[in-house]
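For the single chain, residues carry numbers from 1 onward in sequence order. Treat the numbers as computed from the prediction; the structure is a model and nothing was measured.
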Amino acid sequence: MKFLFLFGLIFALFFAGFTFCEESSETECDNPVDLILILDHSESILEDEWDQVKDFANSVVDRFNVRGDSGAYIAIIQFATRAELSMCLTGSTCALRKGIETSADVGGTTNIYSGLELSQTEFNEHGRTGDEHQKLVVLITDGADNTNTDEKLKGIADDLKDDDVKIYCIGVKTTDTNKDRMFGTFELIASDPFDEHVEYVEEGYSGLGGVLSDIINNECVEFSASSCPGALIVLSLLLLLLISNMVPLFKIRPETRRYTYYAHYVTCFFLTLVFILVCALTASNNSKTQYKLCVAIIVFTVLGIVTSIVSIAILWKQHRDMTPPKGLSKAGLATFEHGGQTPSGMKAFRTEETKVDVPYDDLKEHLDGRLMHEEEEN
């Protein structure tokens, strides 16, 4: 019962740690951010795809908790040959819904520069001041800028970054050639690190919801780096103590003892990895990196648990094989402890009906006596 309790406690801590580390797809952002959506509405965007873009914009309004001055301010920019402001930075949900439904006539080419330039103007005119207000630009497009030079694009992006604006670039599934050119544009304008500020949605516009979760986790979620490691550190210590204290309790064949300790060392190796990852998790400030580290911690913890369970199962089997059954005579016990031979070399038999071990000579004498008694009666 003691072992069952310890295992139950370990798995309870494991699932608690997983719950702390689990990334929620419906996380909301309570930070007072100023966010501008720059939406590609060029001729390559089909009507049903534009509807999905609008659904994404509505999700941004919902999950960024637009609620006046204490919440997010959001603006909507549509661009193609030129850019047009559908809704200026505002904390009004109703105004944003109307702006999202507005379909601007902005031409047919892909002029990303115009969208970035208009966002800079909007931040300057309606953006809030103060370090507590993050400034974000989220660009969604299915192609590269085909109107402006690389120098112009990099110049306007650098100006925005100098004003502490983070630029996210979301590319939607397109042809391989166009994808390469599109990523060339993203390299000029996206914030660093590149991998955290650039997403490519293979599923098309229907997959934009996952991108929104990544942005929120990067910018808004205060990942609790102490909760997950706290549970896992306790789990690791319990696991280490459990294995270390259980090994001496078992009777183990000398020739296999080293294999058992090898499994113990492997368990300790996994626990060491967990400890190192916990240190890295605590030192990291990026929520996406923290989440990946937390998943790695869970994986190595599970491997440690599996190794421990296998080790304990082997120990238990050997322990049962090495433990003499109840009811053995002294001679039978001596036989068991000497691997089936008594110290004097006598064979021992164990009757299945009575579960009693009897030395061979005693059994022979008893049977001979019964045989002689039967012959006399006859």
Min side-chain heavy-atom separation [X]-[Y] under 4.5 Å:
X: I36; Y: L136; answer: no
X: L160; Y: I167; answer: yes
X: F186; Y: Y168; answer: no
X: L37; Y: F56; answer: yes
X: I74; Y: V61; answer: yes
X: L208; Y: Q52; answer: no
X: S213; Y: R63; answer: yes
X: V211; Y: E199; answer: yes

Before giving the answer on side-chain contact (heavy atoms from CB on, under 4.5 Å), spell out for Y73 and V66 the whole-Å C-alpha distance, their side-chain angles and the decisive distance to 0.1 Å.
CA-CA 7 Å; Y73 272 28; V66 177; over 6 Å; no

Closest heavy-atom contact between [X] and [Y]?
X: I112; Y: G143; result: CD1-O, 3.9 Å
X: L96; Y: M87; result: CD2-CG, 3.8 Å
X: A157; Y: L188; result: CB-O, 4.0 Å
X: E122; Y: L89; result: OE2-N, 2.7 Å
X: L85; Y: L118; result: N-CD2, 3.6 Å
X: I156; Y: Q120; result: CD1-OE1, 3.1 Å

After noting the C-alpha distance and the side-chain angles of R128 and D34, does the key distance pass the salt bridge (charged side-chain N to carboxylate O under 4.0 Å, His left out) rule?
CA-CA 7 Å; R128 292 174 291 182; D34 286 357; 2.8 Å; yes

Run the side-chain hydrogen bond (donor to acceptor under 3.5 Å, both in side chains) check on R82 and N111 step by step: do they pass?
CA-CA 6 Å; R82 58 185 178 82; N111 185 356; over 6 Å; no

Checking side-chain contact (heavy atoms from CB on, under 4.5 Å) for the pair S119/I77: CA distance, chi angles, key distance, verdict?
CA-CA 8 Å; S119 71; I77 293 176; 4.0 Å; yes

Rounded at 0.5 Å granularity, tell me how far [atom1] in [X] sits from [atom2] in [Y].
X: I170; Y: M182; atom1: CD1; atom2: CE; value: 10.0 Å
X: D159; Y: E117; atom1: CG; atom2: CD; value: 10.0 Å
X: F194; Y: E187; atom1: CZ; atom2: CD; value: 5.0 Å
X: F64; Y: I215; atom1: CZ; atom2: CD1; value: 6.5 Å
X: N148; Y: T185; atom1: CG; atom2: OG1; value: 10.0 Å
X: L35; Y: H133; atom1: CG; atom2: NE2; value: 13.5 Å

Does Y200 have K173 sitting over its ring (NZ/CZ under 6.0 Å from centre, angle to axis within 45°)?
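That pair does not qualify as a cation-pi contact.
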
Any side-chain donor-acceptor pair under 3.5 Å between T90 and S92?
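Looking only at side-chain atoms, S92 and T90 do not form any donor-acceptor pair under 3.5 Å.
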
State which residue, out of I100, L212, I76, fulfils the side chain to side chain contact (heavy atoms under 4.5 Å, CB included) condition with V60.
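That would be L212.
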
CD of E47: more than 12 outside heavy atoms within 6.0 angstrom?
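12 or below, so no.
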
Matching residue for K166 among Q134, H197, E219 - test: side chain to side chain donor-acceptor pair (under 3.5 Å)
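Answer after filtering Q134, H197, E219: E219.
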
Might you work through the side-chain hydrogen bond (donor to acceptor under 3.5 Å, both in side chains) test for Q78 and S86, ending with a clear yes or no?
CA-CA 7 Å; Q78 298 179 38; S86 299; 2.9 Å; yes

Closer than 3.5 angstrom, by distance alone: can the side chain of [X] be matched with the main-chain N or O of [Y] as a donor-acceptor pair?
X: D40; Y: T141; value: no
X: K161; Y: A190; value: yes
X: N31; Y: A72; value: no

Do V198 and F183 pass the side-chain contact (heavy atoms from CB on, under 4.5 Å) test, and can you show the C-alpha distance, the side-chain angles, and the key distance before you say yes or no?
CA-CA 9 Å; V198 173; F183 268 74; 3.8 Å; yes

Please walk me through it: do T110 and D145 pass side-chain hydrogen bond (donor to acceptor under 3.5 Å, both in side chains)?
CA-CA 5 Å; T110 305; D145 187 300; over 6 Å; no

Residue pair T109, T81: steps toward the side-chain hydrogen bond (donor to acceptor under 3.5 Å, both in side chains) verdict:
CA-CA 5 Å; T109 59; T81 303; 3.0 Å; yes

Check the pair K154, D150 against salt bridge (charged side-chain N to carboxylate O under 4.0 Å, His left out), reporting the backbone distance first and the verdict last.
CA-CA 6 Å; K154 189 175 186 307; D150 291 349; over 6 Å; no

Hey, could you give me each pair passing salt bridge (charged side-chain N to carboxylate O under 4.0 Å, His left out) that has a residue in residues 48-59? Not counting sequence neighbours.
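Checked against salt bridge (charged side-chain N to carboxylate O under 4.0 Å, His left out) - neighbours excluded - the pairs reaching residues 48-59 are D51-K54, K54-E101.
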
Are I45 and Y205 close enough, and set up right, to give a side-chain contact (heavy atoms from CB on, under 4.5 Å), and what steps lead you there?
CA-CA 10 Å; I45 311 298; Y205 289 94; 2.7 Å; yes

